[in-house]
There are 2 protein chains.
Amino acid sequence: MKPTIYDVAQAAGVSIATVSKVINGTGRISDKTRKHVTNIMEQLKYQPSMVASALTGKSTFTVGLTLPDLANPFFAEIARAVEDRGHEYGFNVFICSTDNDPDREIKYFSLLTQKRVDGVIVATRTEKDLFLKKLIQQHVPITLITGEMPALAVDTVMVDDFLGGYQAGSHLTGLGHRRIAILAEDVNTMSNRERIRGCKQAMAEAGVASDERLIAAGEFTVDSGKEAMRRLLELGEPPTAVFACNDLLAIGAIQAARERGLQLPRQLSVVGFDNTILATIIDPPLTTVAQPIQEIGRQAMDLLMQEIKGEKSMRQRVVLMPELVVRGSTAALT
Amino acid sequence: MKPTIYDVAQAAGVSIATVSKVINGTGRISDKTRKHVTNIMEQLKYQPSMVASALTGKSTFTVGLTLPDLANPFFAEIARAVEDRGHEYGFNVFICSTDNDPDREIKYFSLLTQKRVDGVIVATRTEKDLFLKKLIQQHVPITLITGEMPALAVDTVMVDDFLGGYQAGSHLTGLGHRRIAILAEDVNTMSNRERIRGCKQAMAEAGVASDERLIAAGEFTVDSGKEAMRRLLELGEPPTAVFACNDLLAIGAIQAARERGLQLPRQLSVVGFDNTILATIIDPPLTTVAQPIQEIGRQAMDLLMQEIKGEKSMRQRVVLMPELVVRGSTAALT
DNA sequence: TTGAAAGCGCTAACAT
DNA sequence: ATGTTAGCGCTTTCAA
């Protein structure tokens, strides 16, 4: 059996209280006994049980991270960033891919709360924010990322989607494009709506009319982007440029264009969003609006930690700036 | 405060023992009280504390997953597969990216054991298997994936790397290639060694000499592959085909070839390994040796569960078959 | 069929 | 400076 605090107390000839104190560095212990106990602990390879200590009211040093799909490179990168910052705090993270399935969300919700996680970072968003509301109701510290600005008082870190869309739009209009299509994951998510709005704003400022027929929606997949682009290319007057609301869609668009025999970027310019590893892998390399993924993970964790430690009474919203990264998938209209 | 079993007992007018029994479906309880108690629990939104129950000797329903880097698409896909199977068992998974850094490994080891995880799936491998040995020593159930065949009695699920290499090699020689380069992540990992050996075997059988100067090693990154390929292309008699031990390296090779102005696959054939999402995104689409990622995750979890439940005395090694997926990055030598 | 009570490994007053 | 002890929320004999 694993040694307990009793075993080390006995072996050291002290009380368990003393051992507890040297473990936690609390109370006043003579240097001598401290060292002695420390030695014994090492000898016995003693590992304090966090489950026992959690039961006494201390935290579990565990947080949950819910996201749609860990296999999606964007979320994988987010998860890594969150994990890293968590690790610095000595926290572990439970990863929870929900596939946007309410049933999975509920199941994970129940597992997380039963395990008494100290908080959860939510990168999912489903109908009516049911998951979120349940968490709030249970007073679980939360921070929201990758998302909307919900009608709920919750810590949030987000990027300025409008600005990102605007950057994409200006880039394209600046290149002379006037028939600009937009590919969204789902026009109903606030982030996508804002990106679209930003893009349209840039177009309007450049005197470019936006054509609703050039706005297509789908899912967060390459195939969805490809399909949508195919349809757009069949239009009588096809677009000369596309702004896709994420890299996966942008890649689908590129593939569809290739399929049609178009030369990129000469005959079609494509701008993505996210700046995942995929943007550097596709040919031509994707011009895309970069999200500061590291920073998102870091800030999300930081906010959550403050919440957990009760260092903060006010909820806050951190808005990070996106940045257009110009690569080879965009060119001046010829 | 969150309601405890006492609150439920009191509200239901029964003892905590009774409540415990209806929670766990143990003992004999009359249908009437069972329903009554169940109602009360719902009313109070009672969630049994797994930390308390874990303290009484039950398991934590938690496992750890160690991998080099969650942001690497291959490992992200592995993680997702593991998570999914774990979820079916009602388990959560702690993700632990180590960057192959022994310090991080140790820190995670200590966190995982202190939290009394029920087991860990290890997809990392570092010097001297220190991490692994520590786990074994602590009697933590383990299963190894993505890896070697260690000189340790541990459950393992692996793919037949030799066969995978052989498939890649045969494909290339079958296409008429005779100058075949090999890009490895690290010639010292057993899996890479086996892949190389398999490829060489296929070459030998086709009467193709293998040239040690055409074998390059690097890291598990695109850049590393690009760099290695650049050097190979500067050789007096450059290769006409490359077998890369993973998709990232293969992509680097493709990019280096492009950089040189080579037409793919006409002037250079490339075969990867893993069949990650990247293989379908790169242009030309990558011919690659597919690892059955879902199956790996599933089997790993299954083995671990058996181990945890003590249903099995023997350690086993499950060997899965890889499968060559032919796409556009390979062509007959002209 | 139900309940009383002892523990699981630890923390935190409170004594000494 | 160190020890005693009462919990933390649950499971599990063992009685009733």
Side-chain angles (χ1 to χ4, degrees), chain A residues 1-38 40-41 44-62 90 110-118 138, chain B residues 1-38 40-41 44-62 90 110-118 138:
Chain A
M1 287 300 343
K2 260 179 121 47
T4 73
I5 199 172
Y6 287 97
D7 298 320
V8 351
Q10 186 163 35
V14 299
S15 74
I16 60 166
T18 303
V19 178
S20 176
K21 280 167 193 155
V22 349
I23 292 171
N24 300 295
T26 54
R28 2 182 94 295
I29 302 287
S30 73
D31 243 43
K32 187 156 149 291
T33 47
R34 177 190 315 290
K35 275 174 191 152
H36 180 224
V37 171
T38 307
I40 301 284
M41 294 197 300
L44 267 46
K45 294 192 199 307
Y46 169 69
Q47 309 240 51
S49 161
M50 298 192 79
V51 359
S53 97
L55 190 58
T56 73
K58 305 193 94 172
S59 64
T60 53
F61 294 94
T62 298
S110 146
L111 279 172
L112 293 178
T113 50
Q114 286 186 223
K115 288 182 181 170
R116 303 295 190 262
V117 296
D118 295 323
Q138 301 271 324
Chain B
M1 289 298 345
K2 261 181 121 44
T4 72
I5 199 171
Y6 287 96
D7 300 319
V8 176
Q10 187 163 33
V14 298
S15 74
I16 61 166
T18 303
V19 177
S20 175
K21 280 166 193 156
V22 350
I23 291 171
N24 300 294
T26 53
R28 357 180 97 300
I29 303 286
S30 72
D31 242 44
K32 188 155 149 291
T33 46
R34 177 188 315 289
K35 274 175 191 153
H36 180 224
V37 171
T38 307
I40 301 285
M41 293 197 300
L44 268 45
K45 295 193 199 307
Y46 169 69
Q47 310 238 53
S49 161
M50 298 192 81
V51 358
S53 95
L55 190 57
T56 73
K58 304 191 94 171
S59 65
T60 53
F61 294 92
T62 299
S110 143
L111 279 172
L112 293 179
T113 50
Q114 285 187 225
K115 289 182 181 169
R116 303 296 190 259
V117 296
D118 295 323
Q138 301 271 322

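What you see below is based on every heavy atom in this structure, not just the backbone, and it leaves out hydrogens, waters and symmetry mates. Throughout, a chain's letter reflects where its sequence line sits, starting with A, and its residues are numbered from 1.
At the heavy-atom level, B:V19 lies nowhere under 4.0 Å from the strands shown.
For the contact set between residues 3-10 of chain A and DNA chain D, defined by any heavy atom under 4.0 Å, there are no members. Interface residues of residues 44-59 of chain B facing DNA chain C, ordered by number: B:L55, B:T56; criterion, heavy-atom separation under 4.0 Å. Across residues 27-36 of chain A, A:R28, A:I29, A:S30, A:T33 each have a non-hydrogen atom less than 4.0 Å from an atom of DNA chain D (numbered order).
Evaluation of the side chain to side chain donor-acceptor pair (under 3.5 Å) rule for A:Q10 yields no partner, not counting sequence neighbours. Listed by chain and residue number, B:N24 satisfy the side chain to side chain donor-acceptor pair (under 3.5 Å) test with B:K58 (two or more places apart in sequence, or in another chain). Not counting sequence neighbours, the partners of B:K35 by the salt bridge (Lys or Arg N to Asp or Glu O under 4.0 Å) test are B:D31. A:Q138 is linked by a side chain to side chain donor-acceptor pair (under 3.5 Å) to B:K2, counting only residues two or more places apart in sequence or in another chain. Taking the ring-ring contact (aromatic ring centres under 6.0 Å, His included) definition, one finds that A:Y46 meets it with nothing, sequence neighbours left out.
When DNA chain C is scanned 5' to 3' for any atom under 4.0 Å from a heavy atom of chain B, the first and last hits are C:dT1 to C:dG9.
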Donor-acceptor contacts under 3.5 Å from residues 48-57 of chain B side chains, at least two apart:
residue : atom : partner : partner atom : Å
B:S49   : OG   : B:V51   : N            : 3.3
B:S49   : OG   : B:A52   : N            : 3.0
B:T56   : OG1  : B:S53   : O            : 2.8

Sub-3.5 Å pairs of nitrogen or oxygen atoms, protein against nucleotides 14-16 of chain D:
none

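From one end of the helix from C:dT1-D:dA16 to C:dT16-D:dA1 to the other, with five pairs defining each end axis, the axis direction shifts by 40° (rounded to 10°).
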